[in-house]
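None of these values were measured; they are calculated from a predicted model.
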Amino acid sequence: MPRVTELTPDDLSWLNAEPRRPNDLAARLSIHRDTALRIMIRLNLINGAHYAAKYQVSGGTRPKPAMWSRPCLCCGKNVTRPRMQFRCNPCLERARDIY
């Protein structure tokens, strides 16, 4: 799992003091340039349209996943859930608590 990069208030004030480049932020926080770019786009400090589409913040709505109604593999209840989810949500929660 990647390391979560949190910006301190000091870092935020440094970013907002004057226009910065992603390379400047990356050097200050010791992170990769692409991570700095994503952070700056998330904070609306730079326009993400200038870079690549993969850094765009999703503005649209996601299509709903296909659903199916079939018996749960654990308890056998016939409830509607997303396709390819073979256990109902209560059984999934119980499994998460065990492991």
Side-chain angles (χ1 to χ4, degrees):
M1 190 108 174
R3 176 179 66 138
V4 177
T5 305
E6 293 289 331
L7 293 179
T8 63
D10 183 41
D11 292 332
L12 282 173
S13 63
W14 176 81
L15 264 175
N16 291 326
E18 61 184 67
R20 305 280 184 183
R21 296 178 315 147
N23 292 344
D24 300 334
L25 180 62
R28 181 179 172 101
L29 298 179
S30 300
I31 57 176
H32 194 269
R33 179 190 177 279
D34 289 343
T35 304
L37 183 64
R38 288 187 200 103
I39 290 171
M40 293 177 82
I41 290 172
R42 187 180 66 217
L43 296 173
N44 291 327
L45 296 174
I46 57 176
N47 185 3
H50 176 69
Y51 294 94
K54 67 180 183 179
Y55 299 123
Q56 292 291 321
V57 176
S58 175
T61 59
R62 289 187 178 180
K64 290 188 177 182
M67 303 294 272
W68 66 3
S69 180
R70 55 180 295 159
C72 171
L73 291 178
C74 296
C75 65
K77 281 193 285 186
N78 196 7
V79 292
T80 304
R81 58 188 176 275
R83 266 184 88 72
M84 307 310 289
Q85 181 181 336
F86 295 96
R87 293 182 286 177
C88 62
N89 290 335
C91 291
L92 282 174
E93 291 298 322
R94 269 185 256 128
R96 286 187 189 124
D97 290 343
I98 292 172
Y99 299 110

Original post:
Between L37 and I46, is a side chain to side chain contact (heavy atoms under 4.5 Å, CB included) present by the stated rule, with each step listed?
Top reply: CA-CA 8 Å; L37 183 64; I46 57 176; 3.3 Å; yes
Subject >> Under the ring-ring contact (aromatic ring centres under 6.0 Å, His included) test, residues paired with W68 that sit two or more places apart >> reply: F86
**OP:** Sequence neighbours left out, what pairs pass salt bridge (charged side-chain N to carboxylate O under 4.0 Å, His left out) with at least one residue falling in residues 74-85?
**Re:** none
**OP:** Kindly check if the number of other-residue, nucleotide or ligand heavy atoms within 6.0 Å of CE (M84) is above 12?
**Re:** no
Subject >> For N16, side-chain hydrogen bond (donor to acceptor under 3.5 Å, both in side chains) partners two or more places apart >> reply: none
Residue list, side chain to side chain contact (heavy atoms under 4.5 Å, CB included) with [X], at least two apart or on another chain:
X: C74; value: C72, R87, C91
X: T8; value: D10, D11
X: E93; value: R96
X: S69; value: N78, T80

Subject >> Side chain R20, main chain M40, donor-acceptor under 3.5 Å >> reply: no
Subject >> Closest contact, heavy atoms only, A36 versus A26 >> reply: CB-N, 3.8 Å
Original post:
Given the rule that I, L, V, M, F, W and Y join up when any side-chain heavy atoms are under 4.5 Å apart, are L92 and V79 in one cluster?
Top reply: no
Original post:
Side chains of L7 and W14: does their closest heavy-atom pair fall under 4.5 Å?
Top reply: no
Original post:
I31 versus I39: any side-chain heavy-atom pair under 4.5 Å?
Top reply: yes
Subject >> Distance in Å, R94 CZ paired with N89 CG, rounded so as to fall on 0.5 Å steps >> reply: 11.0 Å
**OP:** Go through the steps for L43 and L12 under the test side chain to side chain contact (heavy atoms under 4.5 Å, CB included), then give the verdict.
**Re:** CA-CA 10 Å; L43 296 173; L12 282 173; 3.8 Å; yes
